[in-house]
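Everything below concerns the one structure shown next.
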Amino acid sequence: MVQSALAQDPFTGTVFVFRAKRADRMKILFWDGSGLVMTYKRLEENSFIWPAIRDGAITLNRPQFEALFAGLDWRRVRSLEPRRPAAAE
């Protein structure tokens, strides 16, 4: 499916996430260098909050993906802007 439907190479280390119709289950597929790894997760009481999908695929950064996988609202995840610490007086 990664190669035929998404026209992507599953052997790059990219994490591919597929959702169920009810949005309470996901399958994750990635290449770890020695084989393809597939993980399945189902939430018992809630549904995952899924991003809008354009062109059959979406891109999340690592913190957003971790929030999605944990069953949290990934839309609330924001990267902190790096800033220089204030000098101690």
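Note: hydrogens, waters and symmetry copies are ignored here, and every other heavy atom, side chains too, is used. We count residues from 1, following the sequence as given.
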Listed by chain and number, what are the salt bridge (Lys or Arg N to Asp or Glu O under 4.0 Å) partners of R42, not counting sequence neighbours?
E44
Non-hydrogen side-chain atoms of L36 and F16 separated by less than 4.5 Å
no
Let me check something: any side-chain donor-acceptor pairs from residues 18-31 under 3.5 Å, sequence neighbours excluded? List them with distances.
unit_1, atom_1, unit_2, atom_2, d
R19, NH2, K21, O, 3.0
R22, NH2, D24, OD2, 3.4

Out of curiosity, does L43 fall in the hydrophobic cluster containing L72 (side-chain heavy atoms, cut-off under 4.5 Å, transitive links)?
no
By side chain to side chain donor-acceptor pair (under 3.5 Å), D73 pairs with (sequence neighbours left out) R75
Residue list, side chain to side chain donor-acceptor pair (under 3.5 Å) with R62, at least two apart or on another chain
E66
With sequence neighbours left out, which residue pairs that include part of residues 52-75 fulfil the ring-ring contact (aromatic ring centres under 6.0 Å, His included) condition?
none
With T12 via side-chain contact (heavy atoms from CB on, under 4.5 Å) - residues at least two apart
D9, T14
Yes or no on side chain to side chain contact (heavy atoms under 4.5 Å, CB included) for L68 and I49, after CA distance, side-chain angles and deciding distance?
CA-CA 7 Å; L68 173 68; I49 297 173; 5.6 Å; no
Contacts of D32 that satisfy side chain to side chain donor-acceptor pair (under 3.5 Å) - sequence neighbours left out:
S34
